[in-house]
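Read through the structure below, which is laid out as structure tokens, and then see the notes.
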Amino acid sequence: MHVMAVRAPYRSLRGISAVAALLALGAVGCSDVSEAVDGAKDGAKKVARQRSVFSLDVGDCYNPNGKAEGTAYVVEIVPCDEAHEGQVVGEFALDEGKEYPGDDGVSAVADERCPVEAQKYAPDTWALPKGAALFYYTPTRESWATGDRAVSCTYTAQKSKLNGSLDTAKSLKPEQATYLKGSNALYEALWANQPAKDTVEDDLAGYKAQAKAVAAALDAHVEGLGGIEGTEVGKLRATLTKAAGNWKKAANAADVDAFYIAYDPAFTGIDPNKSVAARKELGLATTVPADEAEVWAG
């Protein structure tokens with residue numbers, strides 16, 4: 001598995017770690033015995049927590065053995081209330097097939113599916129700890145040959161550590177869940193349908209298709225907001241209704257100029273900053289993630 005093929009078997013790895021702990025104990029003087037015993041206990045605990053990367057389950061908090069990126073065979077499973085580097089927040093199986101689709105093929109599917117799976121577990125991406133980024137463990141060519149088809153989606157701390165579980169879906173109130181479902185689908189429609197070409201002139205049809213997808217997601221989001229009480233939610237609903245109209249104009253634009261005229265207010269209309277007051281009213285996180293803020297600041 002990728003972000004995974006240190007090929008040492010689990011049993012061998014455990015033995016090496018245990019021997020290292022014993023050697024450390026034998027090398028110290030009497031005054032350091034208690035410290036060495038504590039160190040040996042910590043080492044033994046870490047050994048006992050080793051798990052095959054193939055056995056990771058949604059909700060597992062873990063520390064990778066070595067670097068977070070690359071290949072791995074085992075990880076250290078830890079209680080989520082202990083500081084840790086990663087947590088599994090989603091999983092799915094790749095389609096059965098006789099041939100390995102290649103690293104790029106596997107990554108393309110994971111890039112598309114993991115954000116969706118992760119949002120089922122931790123719906124409010126604004127509430128994620130600073131520095132947490134989405135990673136995934138995927139099959140390698142070698143593990144594919146043994147029947148491995150699982151992809152594990154994880155949030156991994158790029159700096160410092162994570163503390164506590166990211167499982168917030170169960171604690172959401174109905175109106176919070178409704179808002180996040182609509183909002184997440186909106187921005188997923190925007191980015192998942194981003195045309196490959198940088199300019200509208202080079203792919204008007206592609207940009208119109210993106211606009212159509214965003215407009216549909218906005219309609220659904222606006223409908224969901226209609227069932228939620230609150231002054232700020234009502235204001236946001238009016239803003240997004242207007243934005244939906246502009247996205248529809250962009251989707252039906254007769255030419256490039258018409259598209260640009262509609263697109264500018266359409267894109268501005270879904271600026272995440274416009275949703276901060278409604279989020280506050282709903283009791284959700286109110287700090288726009290840096291990467292999103294940068295897009296609309298530009």
Side-chain angles (χ1 to χ4, degrees), residues 2-3 69 90 92 94-95 97 99-119 125-126 128 132-136 138 151 153 155 158 180-225 236-276 288-298:
H2 283 300
V3 188
E69 291 187 73
F92 62 91
L94 294 166
D95 291 337
E99 292 189 7
Y100 180 63
D103 293 350
D104 290 344
V106 170
S107 293
V109 177
D111 283 340
E112 181 179 341
R113 287 285 304 274
C114 275
V116 176
E117 297 302 322
Q119 284 176 2
T125 55
W126 290 29
L128 290 170
L134 200 55
F135 284 72
Y136 42 78
T138 60
V151 173
C153 311
Y155 273 117
Q158 296 180 293
L180 290 171
K181 180 180 179 182
S183 179
N184 288 340
L186 165 61
Y187 293 102
E188 177 65 21
L190 177 67
W191 302 123
N193 293 284
Q194 186 73 8
K197 302 290 185 180
D198 291 336
T199 64
V200 179
E201 287 83 353
D202 290 333
D203 187 10
L204 177 59
Y207 279 89
K208 288 175 63 174
Q210 179 193 40
K212 183 178 180 179
V214 173
L218 266 170
D219 281 344
H221 190 23
V222 166
E223 183 178 351
L225 292 178
L236 177 62
R237 186 169 187 264
T239 297
L240 295 181
T241 299
K242 187 174 180 180
N246 286 315
W247 280 104
K248 288 168 189 172
K249 287 179 183 176
N252 295 314
D255 53 39
V256 171
D257 288 345
F259 182 90
Y260 276 123
I261 291 171
Y263 184 81
D264 189 53
F267 192 74
T268 302
I270 60 170
D271 181 341
N273 287 288
K274 295 181 183 294
S275 67
V276 169
V288 182
D291 54 350
E292 292 185 38
E294 185 177 345
V295 170
W296 272 269

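The two residues Glu117 and Gly90 come nearest to each other via the heavy atoms CB-CA, 4.1 Å. Ala250 approaches Ala211 most closely through the heavy-atom pair CB-CB, 3.9 Å. Minimum heavy-atom separation, Pro195 to Asp203: CB-OD2, 3.7 Å. Scanning all heavy atoms of the two residues, the minimum distance from Ala118 to Leu134 falls at CB-CD1, 3.9 Å. Nearest heavy-atom pair across Ala217 and Ala189 is CB-CB, 3.9 Å. Closest heavy-atom contact between Ala262 and Lys249: CB-CB, 3.7 Å.
Annotation for Asp104: atom CG does not count as buried by contact number, only 12 or fewer foreign heavy atoms lying within 6.0 Å. A 6.0 Å sphere centred on CG of Asp255 holds more than 12 heavy atoms belonging to other residues, nucleotides or ligands.
Residue pairs meeting the side chain to side chain donor-acceptor pair (under 3.5 Å) criterion with at least one partner in residues 180-193, sequence neighbours excluded, do not occur; the list is empty. Sorted by first and then second residue, the side chain to side chain donor-acceptor pair (under 3.5 Å) pairs with a member in residues 207-219 read Gln194-Gln210, Asp219-Lys248; sequence neighbours excluded.
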Report the C-alpha distance between Val151 and Val109 in whole Å, list the side-chain angles of each, state the deciding distance to 0.1 Å, and finish with yes or no for side-chain contact (heavy atoms from CB on, under 4.5 Å). CA-CA 9 Å; Val151 173; Val109 177; over 6 Å; no
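With sequence neighbours excluded, the residues satisfying side-chain hydrogen bond (donor to acceptor under 3.5 Å, both in side chains) with Glu201 are Tyr260. For Asp111, the side-chain hydrogen bond (donor to acceptor under 3.5 Å, both in side chains) criterion is met by Tyr136, not counting sequence neighbours. Checked against salt bridge (Lys or Arg N to Asp or Glu O under 4.0 Å), Arg237 has no partners two or more places apart in sequence or in another chain. Partners of Lys242 according to the side chain to side chain contact (heavy atoms under 4.5 Å, CB included) rule, which considers only residues two or more places apart in sequence or in another chain, are Asn246. Residues that satisfy the side-chain hydrogen bond (donor to acceptor under 3.5 Å, both in side chains) test with Asn273, not counting sequence neighbours, are Asp271. Here Thr125 pairs with Gln119, Leu128, Tyr155, Glu292 under the side chain to side chain contact (heavy atoms under 4.5 Å, CB included) rule; sequence neighbours left out. Under the ring-ring contact (aromatic ring centres under 6.0 Å, His included) criterion, Phe259 pairs with Tyr263, sequence neighbours left out. For Glu223, there are no side chain to side chain contact (heavy atoms under 4.5 Å, CB included) partners, not counting sequence neighbours. Among residues two or more places apart in sequence or in another chain, the side chain to side chain contact (heavy atoms under 4.5 Å, CB included) test is passed with Ala238 by none.
The backbone N or O of Phe267 sits less than 3.5 Å from a side-chain atom of Trp296, completing a donor-acceptor pair.
Leu225 places a side-chain heavy atom less than 4.5 Å from the side chain of Leu240.
If you take OG1 on Thr239 and CD1 on Ile270, they are separated by 12.5 Å, rounding to the nearest 0.5 Å.
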